[in-house]
Amino acid sequence: MTGPPIVNNIRRLRFDAGEMTQQTLADEVGVTRQTIIAIESRKYAPSLELAFRIAYAFGQPLEAVFEYEAPSRSARR
């Protein structure tokens, strides 16, 4: 089973932010560490509000953190 078609750069952005821990990010955006783990591993797609809060925590636009991975045209038929 594949995860949601939302790709993210959270792990890289955490590293770039002085190796921020998952717990620190979770505390900053108001969710559990398990939620951050699930988002990073593409097992869970965040709400739009949470996606914006995560982007804000990194000082990045939403598009720098999340990207929609559209299915190929043949897979949609």
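Since this is a predicted model, take the numbers as computed values, not measurements. Atom set for the values below is all heavy atoms of this structure, side chains included, hydrogens, waters and symmetry mates excluded.
M20 and R14 get closest at one heavy-atom pair: O-NH1, 2.7 Å. Of all heavy-atom pairs spanning Y68 and I6, the tightest one is CD1-CD1, 4.0 Å.
Distance check, rounded to the nearest 0.5 Å: CZ of R11 to CG of D16 gives 13.0 Å. I10 CD1 to Q22 CD: the interatomic distance, rounded to the nearest 0.5 Å, is 9.5 Å. Distance check, rounded to the nearest 0.5 Å: CD of E28 to OG1 of T21 gives 10.0 Å. Separating the CZ atom in R33 from the CD atom in E40 is a distance of 9.5 Å, to the nearest 0.5 Å.
Taking hydrophobic clusters as Ile, Leu, Val, Met, Phe, Trp and Tyr residues chained together by side-chain heavy-atom distances below 4.5 Å, F15 does not share a cluster with I36. Connection of F52 to Y56 is not established within any shared hydrophobic cluster, with ILVMFWY side chains joined at heavy-atom distances below 4.5 Å, either directly or through further cluster members.
L25 places a side-chain heavy atom less than 4.5 Å from the side chain of F58. With contacts defined as side-chain heavy-atom distances shorter than 4.5 Å, the pair T35/V29 does not qualify. Residues V31 and R53 form a side-chain contact, since some pair of their non-hydrogen atoms from C-beta on lies under 4.5 Å apart.
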Evaluation steps, side-chain contact (heavy atoms from CB on, under 4.5 Å), between L13 and I54 = CA-CA 10 Å; L13 289 166; I54 292 169; over 6 Å; no
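In this structure a side-chain-to-backbone donor-acceptor pair under 3.5 Å is missing from N8 to R42.
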